[in-house]
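Written out below as structure tokens is the structure these notes cover.
Remember, predicted model here, so these are calculated numbers, not experimental data.
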Amino acid sequence: MTHDHEHTSGPGHGGHNRHSAGGPAPERSGHAGHDEHTGAQPSAHDRHEGHSVAMFRDRFWLSLALTVPAVVFSPMVQHLLGYTVPEFPGSAYIPAVFGTIVFFYGGLPFLKGARNELADQLPGMMTLISLAISVSFVYSAAVTLGAPGMDLWWELATLVTIMLLGHWIEMRSIAQASGALAELASLLPDETERVDAAGATERVAVAALAAGDIVLVRPGARVPADGEVAEGESSVDESMITGESRLVPKSPGDPVIAGTVNGAGSLRVRVTRVGDDTALAGIMRLVAGAQASRSRAQDLADRAARLLTFVAIGSAVLTALGWWLAGAEWSYIVERVVTVLVIACPHALGLAIPLVVAISTALGARSGLLVRDRRGLEEARLVDMVVFDKTGTLTLAEHRVVAEAYAEGVNSGDALARAAAVEADSEHPIARALVTRAAEKGLALPHAHGFEALPGQGVRAWVGERTAAVGGPALLERLGLEVPPALGSTAAGAAEAGRSAVFLVDDADGPNARVTALFAIADAVRPESREAVERLRSAGVSTVMLTGDAEPVARAVAAELGIDHVRAGVLPADKAAEIERLQAEGHRVAMVGDGVNDAPALATADLGIAIGAGTEVAVEAGDIVLVRSDPRAVASAIDLSRVTYRKMVQNLWWAAGYNIIAVPLAAGVLAPWGITLSPAVGAVLMSASTVIVAANAQLLRRWRPGM
């Protein structure tokens, strides 16, 4: 049946980007290295390649056990603390033997890391640590074999043990922050109940499911794969995927996402996508890609770490030369050199940025913000103008009743129910808007029959014992009816805003025909859009609406939401040019769109944000993907970017700044006043800086969307 309502709303655009993420998750790079708990794979340049939390933990405890006798039997420690240990054959060699074991066993990860750094021509932290412990070992071995001087066996063992402790703590922090992928993977159950053709259920591995299978999802169970409800009604907790805290009602035909939790009802779900094709797998690919991508701040930290490596080596050489010219003993010179090398290690610098980024991307993923590239998250803090597409972004991209008015003496519920009954069997957007409105008000629709299309005017049907017609101004003109005064202002407002106006005419074929109701139909504004604009304004960010719709429609939506600027009647191909024009005016522009018609503009903007991805999380056009169609998340993305950047800067200053004081102290500039640092104390200070950087990064976990 045709349905020829007249309406004046301008052309919209919609649809979501349906590109799949495709391909395996990118290889994780950076600091974390391989960890059996996270499954992360190291890059070729990872100084922790092949390392894990368990490895550093085990080496630390065994090295600590070996260090204790090396310290207890050290003549220097005995002299300093005023005690004497029992002597027995070979007791004098206990520090040398245990120190040597600690050097080769506990120091092996550092020696291997230095080899890799030098092979890559990127000397860094591992090189400095290896140089420090190697100098200590060679010098102490020479003294033990008869060379003049005082050995550093206990300092060497203590240094290696403290370094292992620092790396253990660091690896635990990284593993916790990078555990987003493991947390996402854990959302899927191992087994599920598959329903066979006879209706019986059997427990099968989730990996055995195929598209078309029916699975039973009991109350409280997780959905094993993407699908649609075939039978049953319930509410599903999708917060772990979309960030939406409210339960989402589900009934036959509704989509469900793998990993979400069923509520109180029982559902039979028809599987549509499994394995790497699920929304959850797409999210995991995006999180992995974001944590593997590099940021400008990370590049800065890497350059600073390399520079500090050369500064440390240069400082060690100058320290040795200075104390040699001052006539110091070789044991003292070696101690100063080792302390400088240890305390200047760019350990905290290497941790400062990756840990913050790992935490921020995990926080974003839990809040429905999927970062495709770190640079996108980093750039968001600089945005001073957000450009919104209208249809599907600020609006629902579906027609709704946005205003209604009724003639005097007419019951609004009865009138709306009659109009919806006439339209009940039509699939026309305006018809669906009336039916949806009646459903929202919980109205029972009366029986209608004898439907008839009125070409160019509307539709007509019998409702009860009278006919009723629903149509536009052309219907009233054909029937010779005027708009009642009670409906006049609403009709004028709809015309001014470019909205479709449809009228309910009762007794349309009888002598008492009259207009009883008016419904203004338009692409409804999302309930969250006004708050999104207000949050951006409070953050100092101006807003622009960029739409292909007609000027009156765009102006009406902008006025309702408080949008600062409007660009209407813009074709999709011209949106990128509008973005370039705003950039030429000096603005840092973020474009927010649905990822299809807006793709060129998303790519042109300083920051592209694809909104409304829903379960299709692998939107290729944006730097950041919003899982839910909630524009408030744009302000959350900018806020997360600003908070993340502050943490990066704080960590960089702490990681590099403490060397300004620590390196001169390690070199012995205050030695004339009796203030010096031993290698062990230097290791403690260096490890402490790393722990402080890690702890400061963990404070980022207090961030919440909307804060």
Carefully, step by step, assess Val643 and Leu700 under the rule side chain to side chain contact (heavy atoms under 4.5 Å, CB included).
CA-CA 8 Å; Val643 172; Leu700 186 60; 3.1 Å; yes

Interatomic spacing from CD in Glu551 to CZ in Arg567 - rounded to 0.5 Å:
10.0 Å

To the nearest 0.5 Å, atom CG of Asp190 lies from atom CZ of Arg222 at 11.5 Å

Taking the side chain as every heavy atom from C-beta outward, state whether Ile359 and Gln698 have any pair of such atoms under 4.5 Å apart.
yes

Is there a side-chain contact between Val217 and Ser266 (heavy atoms, below 4.5 Å)?
no

Among Asp384, Leu607, Leu582, Val541, find the residue that satisfies the side chain to side chain contact (heavy atoms under 4.5 Å, CB included) test when tested with Arg588.
Asp384

So do Val229 and Arg268 actually touch side chain to side chain, heavy atoms under 4.5 Å?
no

When every non-hydrogen atom of Ser360 is compared with those of Leu640, the smallest separation belongs to O-CD2, 3.7 Å

Would you call Met545 and Val387 a side-chain contact if the rule is heavy atoms closer than 4.5 Å?
no

Between Thr547 (side chain) and Val570 (backbone), is there a donor-acceptor pair under 3.5 Å?
no

I'd like to know if Asp389 pairs up with Lys575 as an ion pair, taking the criterion as any Lys NZ or Arg NE/NH1/NH2 lying under 4.0 Å from an Asp or Glu carboxylate oxygen.
yes

Does the pair Glu440/Arg400 count as a salt bridge with the N-to-O cut at 4.0 Å?
yes

With distance as the sole criterion, is a donor-acceptor pair present between the side chains of Ser251 and Asp254 under 3.5 Å?
yes

Do the side-chain N and O atoms of Ser234 and Asn262 include a donor-acceptor pair separated by under 3.5 angstrom?
yes

Trp703 vs Thr644 side-chain heavy atoms within contact, under 4.5 Å
no

Between Arg526 and Glu531, is the closest basic N to carboxylate O distance under 4.0 Å?
no

Any side-chain heavy atom of Glu193 within less than 4.5 Å of one from Val215?
no

Residues Arg537, Asp564: salt bridge by 4.0 Å N-O rule:
yes

Which one of Leu561, Val402, Leu394 satisfies the side chain to side chain contact (heavy atoms under 4.5 Å, CB included) criterion with Val525?
Leu561

Can you name the side chain to side chain contact (heavy atoms under 4.5 Å, CB included) partners of Ser489, sequence neighbours left out?
none

Under 4.0 Å between a Lys/Arg side-chain N and an Asp/Glu carboxylate O for Arg437 and Glu404?
yes

The reported gap from OG in Ser641 to CD in Glu379 (rounded to nearest 0.5 angstrom) is 8.0 Å

With side chains defined as the heavy atoms from C-beta onward, is the minimum distance between Asp226 and Val256 less than 4.5 Å?
no

Non-hydrogen atoms of Pro255 and Lys250 that approach each other most closely
O-NZ, 2.6 Å

